[in-house]
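Single-structure report; data block below.
In what follows, every heavy atom counts, from backbone to side chain, and hydrogens, waters and symmetry copies are set aside. Note that ligands are numbered from 1 as they come in the structure, with each ligand's atoms numbered from 1 the same way. On a predicted model such as this, the values are computed, not experimentally measured, just so you know.
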Amino acid sequence: MTNLLELRGITSGYDKMQILWEPDIHVADGECVLILGSNGAGKTTLLKSLVGLLPAWTGTIVLDGQAIHTHSVDQRIRAGISYVSELGIIPTLSIEDNLKLGAFYVPAQERAQRLREMYDQFPILAEKRRGLGSSLSGGHRKVLSTAKALMSRPRLLVMDEPSAGLSPLLVAEIISILQELHTEGLSMIIAEQNVKFLDIADRVYVLDSGRIGFSGTVQELKDDDAIQRAYFGVTRHG
Ligand code: ATP
């Protein structure tokens, strides 16, 4: 499998405070990669550096063979990266306008086609299309933010903590939507602290104070007692 995304030697942070310490990460074409880490581990900082919302101080980011670390956010979106932040939607806009924003660069006719596709895939959004984003429940907001990101037909979906603020039932619903997208072949990188997302991941990186503390398959993570103890406070044996 060829790598769709490669991050090498990325350092970044806020003012003089360094948060990322060269976490080397790659995503193969069609892979679902989980970045697991506790509060403050640097997950959001990593994703923001990837999508261009925060400048990387050093390092390279290559998407599909093209160096994008000097690209603007717009250019990275056009190159195929779509970002779902923790908030993800604009509550004061209608559901339809939120979706349209996700395909801002696409000609109107094509945008209308993509809207239809999203309404087919997520009927709840079709039903409430004229309502404001703020009228949606937490789970449906997450559906909207995901659909909005899909409107640009990304090569790589980048999601920051999709489980934030959701009940376990809604987390299960979001996981099932992401599983379906993964099965359709969409490449994804998901930052989470909720280990439930291991269910849909092909590989995992554990981020610890801006560094990679573990990298491997989900099975390797589950088999690693030291990692289980250090990061999750449990062991396989008790
Ligand atoms: P969480 O799950 O809490 O969002 P995270 O893994 O996403 O955690 P980050 O949000 O990337 O972690 O934060 C990493 C570190 O950077 C933390 O120490 C945080 O306090 C700090 N930090 C985050 N945003 C800023 C900012 N805008 N200015 C200064 N420091 C920041």
Side-chain angles (χ1 to χ4, degrees), residues 5-27 32-61 68-69 71-73 76 81-91 138-139 141-142 144-146 148-149 154 156-168 170-175 178 187-201 203-216 218 221 224 227-234:
L5 177 77
E6 281 185 18
L7 273 80
R8 297 257 171 262
I10 294 291
T11 59
S12 185
Y14 306 94
D15 296 323
K16 288 194 177 105
M17 186 168 68
Q18 185 168 348
I19 303 294
L20 298 181
W21 300 78
E22 308 189 8
D24 287 351
I25 287 169
H26 69 271
V27 179
C32 176
V33 166
L34 188 64
I35 311 288
L36 209 50
S38 52
N39 271 337
K43 303 182 295 298
T44 301
T45 306
L46 175 69
L47 297 192
K48 282 189 174 168
S49 304
L50 164 59
V51 302
L53 289 167
L54 192 68
W57 298 349
T58 62
T60 57
I61 305 175
I68 59 161
H69 47 275
H71 285 17
S72 65
V73 176
R76 294 185 206 202
I81 291 186
S82 203
Y83 178 53
V84 185
S85 68
E86 267 187 63
L87 296 173
I89 65 159
I90 300 181
R141 280 188 198 204
K142 200 51 75 178
L144 175 58
S145 59
T146 307
K148 177 173 162 239
L156 178 73
L157 188 66
V158 178
M159 294 195 89
D160 195 5
E161 241 176 305
S163 78
L166 299 187
S167 68
L170 292 173
V171 169
E173 267 183 47
I174 293 300
I175 287 178
L178 295 176
S187 309
M188 291 183 234
I189 184 161
I190 303 172
E192 258 300 339
Q193 33 186 322
N194 186 331
V195 290
K196 271 270 157 216
F197 284 76
L198 288 170
D199 293 352
I200 55 165
R203 278 188 311 111
V204 193
Y205 294 93
V206 174
L207 194 65
D208 186 9
S209 303
R211 295 178 171 85
I212 301 296
F214 168 90
S215 148
V218 173
L221 179 89
D224 191 322
I227 289 287
Q228 292 286 326
R229 265 197 309 276
Y231 294 100
F232 309 113
V234 291

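- No side-chain donor-acceptor contact under 3.5 Å links His69 to the backbone of Thr60.
- With Lys43 contributing its side chain and Ile190 its backbone, the two residues share no donor-acceptor pair below 3.5 Å.
- Not a single donor-acceptor pair under 3.5 Å links the side chain of Arg8 to the backbone N or O of His26.
- Across Leu34 and Phe197, no two heavy atoms sit closer than the pair CD1-CB, 3.7 Å.
- For the pair Ser85 (side chain) and Asp160 (backbone), a donor-acceptor distance under 3.5 Å is absent.
- A donor and an acceptor atom, one from each side chain of Thr11 and Gln18, are nowhere located under 3.5 Å apart.
- Under 4.0 Å from any atom of ligand 1, one finds heavy atoms of residues Tyr14, Met17, Ile19, Ser38, Asn39, Gly40, Ala41, Gly42, Lys43, Thr44, Thr45, Glu86, Glu161, Gln193.
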